Amino acid sequence: MTFSVHGLAVSRGIAVGRAVLVASSRVDVAHYFVEASAVESEITRLRTARNAVVEELQRLRIDVSTMSPKDAPQELAALLDVHLMLLQDELLTGGVKYWIKDRLYNAEWALTTQLEIISRQFDEMEDAYLRERKADLEQVVERVLSHMKGAVSPVLAQGLASSKKARRQQDLLLDDTMDVPLVLIAHDLNPADMLQFKQSVFVGFATDVGGKTSHTAIVARSMDIPAVVGARQASQLVRQDDWVIIDGDAGVIIVDPSPIILAEYGFKQRQAEVERSRLLRLLHTPAVTLDGVRIDLLANIELPQDAAAALAAGAVGVGLFRSEFLFMGRATHTTGKGGAGGKSGRDSGGQSHLPGEEEQYQSYKRAIDGMQGLPVTIRTVDVGSDKPLDRQHEKSAEGLNPALGLRAIRWSLADPEMFLTQLRAILRAAAHGQVNLLIPMLAHAHEIHQTLALVDEARRQLDARAQAYGPVKLGAMIEVPAAALTLPLFLKYFDFLSIGTNDLIQYTLAIDRADQSVAHLYNPLHPAVLRLVADTIAQGAMLGKSVSVCGEMAGDVGLTRVLLGLGLRSFSMHPAQILAVKQELLRCDTGKLKNWAQEVLAAEDPAAMVGA
């Protein structure tokens with residue numbers, strides 16, 4: 001019987017094949033108390049298993065570094081690095097030792113107990129990407145538990161066994177000379193398993209958990225593999241060897257499809273291939289509208305290695321380098337007094353766990369070198385009091401909304417030492433290419449003055465060292481309504497503006513994007529949102545200041561015409577969206593769109609006019 005399971009569409013395309021089922025791979029854990037005399041042996045067992053996992057991931061990391069980007073996307077290297085950092089983080093290892101020494105828990109029980117404690121902290125995080133790092137922590141712990149039990153990776157073990165069985169099967173709907181295509185259905189997949197997945201016969205996958213910014217989703221997009229995540233009970237509903245369709249465009253899994261549905265999706269697959277080939281022909285076509293207006297199509301990246309994908313997609317620069325991704329998995333274990341104004345990334349012993357100036361400098365330099373002379377816009381770290389960088393930055397009151405708390409530039413200004421470290425690293429990297437420095441979430445004049453003063457201080461410190469650095473253009477993100485309503489102040493002090501539509505929509509409409517009960521109210525075409533975007537573009541143009549959009553609106557082909565009509569000339573988006581947006585703008589006449597866009601602005605229901 002045909003039925004469908006709905007999840008989140010995270011990677012476009014359609015995959016059809018037999019299901020290789022991997023249910024939840026959580027290892028069973030025994031719970032018992034140990035004698036005091038056995039404490040050291042328990043700690044040794046734990047250390048041995050952890051070291052084995054570290055060695056295993058390091059081997060995979062080396063393998064990744066020697067492979068071509070086609071066989072192993074560079075995102076995998078970064079994700080493996082995150083797992084290695086989590087494995088060696090004091091918050092995890094120190095807490096486990098406490099449960100063994102003070103409570104006399106056996107090593108496995110101590111490890112899962114500490115996992116639950118840290119998981120609760122992740123659950124309270126407002127930022128979707130960081131909240132989903134809980135899955136990485138669980139995967140790391142699971143690997144350690146598996147080694148303590150003498151097992152191999154459950155996903156790999158089950159997946160390899162099942163795929164061998166399925167590959168021996170043939171189906172009347174397929175050519176007898178072909179292997180049966182396979183799709184993987186799992187509770188979750190970690191980066192190390194994804195590396196094996198890339199080398200396997202799977203043509204798509206679906207997971208019970210995960211979000212649009214989960215590691216699984218990121219790797220799926222980088223591999224251009226059809227994928228659906230957050231499908232909840234998919235691994236329990238789908239049976240081994242069921243025929244499954246993974247619709248990565250709609251976020252749907254169709255199980256046991258009828259011949260008619262199979263034929264329909266086969267046609268869709270062929271259409272998608274034709275469309276993809278057509279888009280590739282636009283790779284070297286200049287992004288110029290019918291009336292001769294040149295449009296800058298830029299890429300959003302998270303890691304230095306992403307520069308390769310940006311170039312491959314035809315980006316003319318990086319419009320947003322989210323530098324906070326360099327800080328992922330760098331949680332600190334702080335036991336003394338401190339807080340926002342304390343030593344950034346330092347524990348009670350004074351050891352820094354956050355990336356230092358040299359490490360950041362090298363990362364920014366790699367991104368700049370990777371763009372081969374094209375401009376790179378680096379946004380300063382966007383973290384907050386709820387982010388796992390310092391345990392002192394926790395919610396101080398029940399019900400506090402971290403989205404309205406100490407985050408982004410507020411957090412950076414509260415920790416000048418951390419901020420100056422990052423500013424020095426960015427300024428040094430600017431000596432190697434065109435760099436724009438972008439500041440997130442500014443809303444007040446005093447924040448602007450403090451930020452500019454610290455940029456000047458970072459230059460003075462580099463001068464005192466006689467260390468080379470380069471010029472940067474300074475930009476501000478417009479993502480708070482207060483900023484959009486006081487644009488003259490921002491245009492006075494900054495060289496360019498970048499509209500962060502994701503947060504601007506959230507704050508303008510007073511909704512939490514992570515709250516499913518109000519997610520339907522998240523509307524980029526709300527008249528108030530469009531008015532703020534339009535005013536920002538118009539005022540920037542009046543003063544000759546560049547304005548770009550770097551939120552999801554920029555990569556939404558359905559919104560390309562209205563943004564062009566409002567005067568936007570710089571779009572920054574995920575590299576995979578660039579060619580589709582280019583195709584749309586090549587068909588547009590900005591002169592004709594201008595009057596239409598004003599009508600959209602004045603409409604009671606702009607979505608009806610845009611056709612979104």
Side-chain angles (χ1 to χ4, degrees), residues 10-12 69-70 73-75 77-78 129 212-213 217-224 276 279-280 282-288 294-326 363-380 382 426 429-430 432-438 440 472-473 475 477 496-502 546-557 559-560 563-564 568-586:
V10 295
S11 187
R12 64 183 182 179
K70 180 181 179 181
Q74 290 302 309
E75 285 85 351
Y129 177 86
K212 290 190 175 182
T213 55
I218 291 170
V219 174
R221 283 192 291 268
S222 73
M223 292 178 173
D224 206 14
R276 188 166 301 189
L279 286 176
L280 284 174
L282 301 176
L283 184 61
H284 301 295
T285 302
V288 179
R294 184 177 183 83
I295 308 299
D296 289 333
L297 297 182
L298 309 168
N300 294 344
I301 68 172
E302 288 79 38
L303 299 165
Q305 301 92 326
D306 295 339
L311 283 179
V316 296
V318 169
L320 177 64
F321 180 173
R322 298 183 174 98
S323 67
E324 58 269 16
F325 279 56
L326 302 177
S363 295
Y364 304 141
K365 181 179 180 297
R366 286 199 301 275
I368 294 166
D369 291 342
M371 290 306 295
Q372 301 177 12
L374 296 173
V376 176
T377 298
I378 303 174
R379 183 177 69 185
T380 58
D382 186 359
I426 294 174
H432 302 280
Q434 301 180 61
V435 172
N436 302 320
L437 176 59
L438 182 60
V472 296
K473 290 183 179 180
M477 288 200 72
F496 68 97
L497 302 178
S498 184
I499 307 174
T501 53
N502 299 350
S546 171
V547 177
S548 68
V549 168
C550 63
E552 290 298 311
M553 285 182 71
D556 188 336
V557 176
L559 302 177
T560 301
L563 290 174
L564 286 172
L568 186 68
R569 300 296 180 258
S570 180
F571 296 66
S572 190
M573 65 201 76
H574 190 282
Q577 297 164 309
I578 289 178
L579 291 179
V581 171
K582 181 188 285 190
Q583 176 178 257
E584 182 68 15
L585 71 86
L586 290 173

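Computed from a prediction, not measured in an experiment: that's the story for all the values here.
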Please tell me if the side chains of V547 and S570 come closer than 4.5 Å, counting only heavy atoms from C-beta onward.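 No, their side chains stay 4.5 Å or more apart.
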With the side chain counted from C-beta on, respond yes when P304 and D369 share a heavy-atom pair under 4.5 Å apart, and no when they do not.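 A side-chain contact under 4.5 Å is absent here.
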Please report the interatomic distance [atom1]([X]) to [atom2]([Y]), rounded to the nearest 0.5 Å.
{"X": "I368", "Y": "I426", "atom1": "CD1", "atom2": "CD1", "answer": "9.0 Å"}
{"X": "L585", "Y": "R294", "atom1": "CG", "atom2": "CZ", "answer": "10.5 Å"}
{"X": "E302", "Y": "H574", "atom1": "CD", "atom2": "NE2", "answer": "6.5 Å"}
{"X": "K582", "Y": "I295", "atom1": "NZ", "atom2": "CD1", "answer": "12.0 Å"}
{"X": "S363", "Y": "Q305", "atom1": "OG", "atom2": "CD", "answer": "8.0 Å"}

Does Q434 form a side-chain contact (heavy atoms from CB on, under 4.5 Å) with L374? I'd like the steps, not just the answer. CA-CA 7 Å; Q434 301 180 61; L374 296 173; 5.9 Å; no
Holding to side chain to side chain contact (heavy atoms under 4.5 Å, CB included), I want the full list of residues that pass it with S323, two or more places apart in sequence or in another chain.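 Side chain to side chain contact (heavy atoms under 4.5 Å, CB included) check on S323 returns Y364, I378, V381, Q422.
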Donor-acceptor contact present, side-chain [X] to main-chain [Y], <3.5 Å:
{"X": "E324", "Y": "D382", "value": "yes"}
{"X": "Q577", "Y": "D556", "value": "no"}
{"X": "R569", "Y": "L564", "value": "yes"}
{"X": "K473", "Y": "F496", "value": "no"}
{"X": "D306", "Y": "L303", "value": "yes"}

Report the residues that fulfil side chain to side chain donor-acceptor pair (under 3.5 Å) with T377, sequence neighbours left out, ordered by chain and then residue number.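 Testing T377 for side chain to side chain donor-acceptor pair (under 3.5 Å), a comparison that skips the adjacent residues, returns N436.
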Test: salt bridge (charged side-chain N to carboxylate O under 4.0 Å, His left out). Region: residues 307-320. Which pairs qualify, not counting sequence neighbours?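 Listed by first then second residue: nothing to list.
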To check you understand the geometry: which heavy-atom pair defines the closest contact between L563 and M553, and what is its length?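 In terms of heavy atoms, the two residues are closest at CD1-O, 3.7 Å.
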